[in-house]
Participant: 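Structure below; questions to follow.
We count residues from 1, following the sequence as given. Quantities reported herein were computed from a predicted structural model and do not represent experimental measurements.
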Amino acid sequence: MSTYLETTANVYRDAALKPDVGLCCTTTPIWQFPGLKIPKIMQEMNYGCGSTVHFRDLVNEPNILYVGVGGGMEVLQFSYFSRKENGVIGVDIVDEMIQACNANLVLAEQENDWFKKEFVSLRKGSALALPIADESIDVAAQNCLFNIFTKEDLALALKEMYRVLKAHGRLVLSDPVTEQAMPDSLRNDDRLRALCLSGSLSLQEYLKMITDAGFGTVEIRAKRPYRILAPGHYDTEEMIFLESVEVCAIKDPMPADGPCVFTGKTAIYFGSEAYFDDQKGHVLMQNQPLSICDKTAAAIKNLGREDIYITESTFFYDGGGCC
């Protein structure tokens with residue numbers, strides 16, 4: 001194990017033995033579902049930067065993989081939608097975190113009459129070599145883990161997620177990103193990387209690594225402020241602004257003209273005809289907004305039409321798009 005991964009394991013070993021509420025806190029509201037009670041200890045050990053639990057991913061009791069179990073909060077939330085034996089598989093490299101998650105799931109079983117601990121299978125393993133069979137998972141997720149990896153290790157982790165997903169399976173991710181250059185003094189600081197602060201890539205780099213792994217469709221579902229790395233507090237000459245993103249990567253076939261990446265752009269046709277058809281599968285009805293991927297947005301914009309308005313990216317996409 002490389003030095004930074006050893007440091008990461010030590011940080012989360014400590015966080016398992018003594019919950020660290022401020023370790024990786026998020027302002028994302030915790031999903032509350034009817035009949036679901038989340039033990040307080042799980043909320044205190046919510047070491048994520050967003051949420052990876054989305055209702056529309058979780059139909060028909062999918063087989064779910066969650067990597068980096070933390071205190072088990074999202075494992076429990078996922079099991080709400082997959083109430084079957086081993087419906088959710090949690091993988092973590094830190095023994096103490098697996099033990100803490102297991103103990104928290106016992107509490108969850110006591111507080112929730114619908115939940116059975118057998119719904120969750122906890123396994124020791126690395127995101128870089130998942131102990132999971134090929135093409136056996138419908139929905140895979142990780143929250144504020146992959147940003148810790150170097151680019152080389154991130155490529156391996158994404159390749160592993162792609163391997164275990166079924167065709168059209170979904171990888172849901174939440175990670176910090178930054179559009180500013182991260183100083184080497186911070187990027188090479190193993191502890192800051194382990195704390196999810198200095199390994200952040202730009203959004204475009206992050207998305208390219210996901211599509212380079214083979215995912216043909218990618219959705220940006222949310223982007224929100226996360227942290228400030230300020231001079232005087234960190235070894236940087238300028239303030240560095242971090243945002244957290246929630247992304248869904250779908251194991252769709254890669255289109256011949258490249259991946260479909262949805263960043264929240266919309267096209268609105270307001271011409272004299274009833275609709276506009278670009279003859280490539282995209283039909284814009286009169287004055288009806290249609291979500292489009294960035295590739296389609298660029299193609300339509302290049303037509304130079306004055307009766308089609310294309311919005312900028314909102315970095316919020318919730319389905320219903322062109323592709």
Side-chain angles (χ1 to χ4, degrees), residues 8-55 57-58 61-127 130-132 137 139-148 172-175 194-196 244 246:
T8 300
N10 289 333
V11 165
Y12 288 93
R13 182 175 295 111
D14 292 342
L17 296 172
K18 183 180 179 181
D20 186 348
V21 176
L23 177 64
C24 195
C25 68
T26 171
T27 57
T28 304
I30 295 173
W31 289 115
Q32 298 288 348
F33 309 129
L36 170 63
K37 295 181 181 178
I38 301 174
K40 182 180 178 182
I41 186 67
M42 283 187 172
Q43 299 182 45
E44 292 175 346
M45 296 177 70
N46 177 23
Y47 303 138
C49 61
S51 178
T52 59
V53 182
H54 292 261
F55 312 135
D57 301 328
L58 302 171
E61 290 199 330
N63 295 327
I64 301 167
L65 168 66
Y66 191 74
V67 181
V69 296
M73 187 184 80
E74 287 194 295
V75 169
L76 175 63
Q77 290 173 321
F78 276 122
S79 69
Y80 185 90
F81 297 92
S82 192
R83 303 183 186 189
K84 61 184 181 181
E85 186 174 359
N86 301 328
V88 180
I89 300 172
V91 173
D92 206 291
I93 194 67
V94 179
D95 289 324
E96 290 82 356
M97 193 63 81
I98 293 174
Q99 293 163 7
C101 181
N102 189 62
N104 293 346
L105 290 173
V106 171
L107 290 177
E109 189 172 31
Q110 295 170 358
E111 295 183 19
N112 293 272
D113 56 12
W114 60 269
F115 177 67
K116 295 180 174 58
K117 201 167 165 297
E118 66 193 39
F119 294 165
V120 178
S121 171
L122 298 179
R123 303 180 187 179
K124 182 172 182 177
S126 167
L130 292 169
I132 306 293
I137 299 296
V139 178
Q142 68 81 28
N143 196 334
C144 212
L145 168 64
F146 281 15
N147 73 98
I148 291 172
V172 190
L173 314 98
S174 181
D175 282 303
L195 293 174
C196 307
S244 68
E246 294 175 12

Participant: Which atoms form the tightest heavy-atom contact between V91 and G125, and what is the distance?
Facilitator: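 Reported closest heavy-atom pair: CG1-O, 3.4 Å.
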Participant: Identify whether the distance between the nearest side-chain nitrogen and carboxylate oxygen of E109 and K117 falls below 4.0 Å.
Facilitator: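 Between K117 and E109 there is no salt bridge, as every charged N stays at least 4.0 Å from the carboxylate O atoms.
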Participant: Can a donor-acceptor pair be found, under 3.5 Å and without considering hydrogens, that links the side chain of E74 to the backbone of F78?
Facilitator: no
Participant: Do R83's NZ or CZ and the ring of F81 fall within the cation-pi criteria of under 6.0 Å and 45°?
Facilitator: no
Participant: Rounded at 0.5 Å granularity, tell me how far CD1 in I132 sits from CG in L65.
Facilitator: 5.0 Å
Participant: V172 and T52: which non-hydrogen atoms are nearest, and at how many Å?
Facilitator: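 Result for this residue pair: CG1-O, 3.5 Å.
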Participant: State, to 0.1 Å, how close S79 and F119 come at their nearest heavy-atom pair, and which atoms those are.
Facilitator: CB-CB, 4.2 Å
Participant: Work out which heavy atom in K37 is nearest to a heavy atom in E111; give both atom names and the distance.
Facilitator: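 Reported closest heavy-atom pair: CD-O, 3.4 Å.
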Participant: Can you tell me how far the CD atom of E96 sits from the CZ atom of R13, to the nearest 0.5 Å?
Facilitator: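 If we round to the nearest 0.5 Å, E96:CD and R13:CZ are 5.0 Å apart.
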Participant: Could you go through E118 and N86, starting from their C-alpha distance and side-chain angles, then the distance that decides it, and tell me whether this counts as side chain to side chain donor-acceptor pair (under 3.5 Å)?
Facilitator: CA-CA 6 Å; E118 66 193 39; N86 301 328; over 6 Å; no
Participant: Supply the atom-to-atom distance N46 CG to M73 CE, rounded to the nearest 0.5 angstrom.
Facilitator: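 It is 3.5 Å, given to the nearest 0.5 Å.
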Participant: Does any part of the side chain of K84, heavy atoms only, come nearer than 4.5 Å to the side chain of N63, both counted from C-beta?
Facilitator: yes
Participant: Side-chain contact test, heavy atoms from C-beta onward, threshold under 4.5 Å: evaluate it for Q142 versus D175 and give yes or no.
Facilitator: yes
Participant: Under the side chain to side chain contact (heavy atoms under 4.5 Å, CB included) criterion, do Y66 and I89 qualify, and how do the steps go?
Facilitator: CA-CA 6 Å; Y66 191 74; I89 300 172; over 6 Å; no
Participant: Do the non-hydrogen side-chain atoms of C101 and D92 ever get within less than 4.5 Å of each other?
Facilitator: no
Participant: Checking side chain to side chain contact (heavy atoms under 4.5 Å, CB included) for the pair I93/Y12: CA distance, chi angles, key distance, verdict?
Facilitator: CA-CA 10 Å; I93 194 67; Y12 288 93; over 6 Å; no
Participant: Begin from the C-alpha positions of V67 and L130 and carry the test side chain to side chain contact (heavy atoms under 4.5 Å, CB included) through to its verdict.
Facilitator: CA-CA 9 Å; V67 181; L130 292 169; 3.9 Å; yes
Participant: Side chain to side chain contact (heavy atoms under 4.5 Å, CB included) for V53 and F33? Distances and angles first, verdict last.
Facilitator: CA-CA 11 Å; V53 182; F33 309 129; 4.1 Å; yes
Participant: To the nearest 0.5 Å, what is the distance between CG on N104 and NZ on K40?
Facilitator: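 That separation rounds to 13.0 Å.
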Participant: Is it true that a side-chain atom of N102 and a backbone atom of I98 form a donor plus acceptor pair closer than 3.5 Å?
Facilitator: no
Participant: What's the verdict on salt bridge (Lys or Arg N to Asp or Glu O under 4.0 Å) for D95 and K124, showing C-alpha distance, side-chain angles and the deciding distance?
Facilitator: CA-CA 7 Å; D95 289 324; K124 182 172 182 177; 3.2 Å; yes
Participant: Can you give me the closest heavy-atom contact between C196 and N147, atom names plus distance?
Facilitator: CA-OD1, 3.2 Å
Participant: Does any part of the side chain of N143, heavy atoms only, come nearer than 4.5 Å to the side chain of C49, both counted from C-beta?
Facilitator: yes
Participant: How long is the span from the CG atom in N112 to the CG atom in L76, to the nearest 0.5 Å?
Facilitator: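 N112 CG to L76 CG: 6.0 Å, rounded to 0.5 Å.
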Participant: Any chance you could measure S121, atom OG, to E85, atom CD, to the nearest 0.5 Å?
Facilitator: 9.0 Å
Participant: Between A108 and M42, which heavy-atom pair has the shortest distance, and what is it?
Facilitator: CB-CE, 4.0 Å
Participant: I'd like to check V120 versus F115 (side-chain heavy atoms, cut-off strictly below 4.5 Å). Are they in contact?
Facilitator: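 SC-SC contact between V120 and F115 confirmed.
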Participant: State, with a plain yes or no, whether a side-chain heavy atom of W114 is found less than 4.5 Å away from one of P34.
Facilitator: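 Side-chain contact under 4.5 Å: no.
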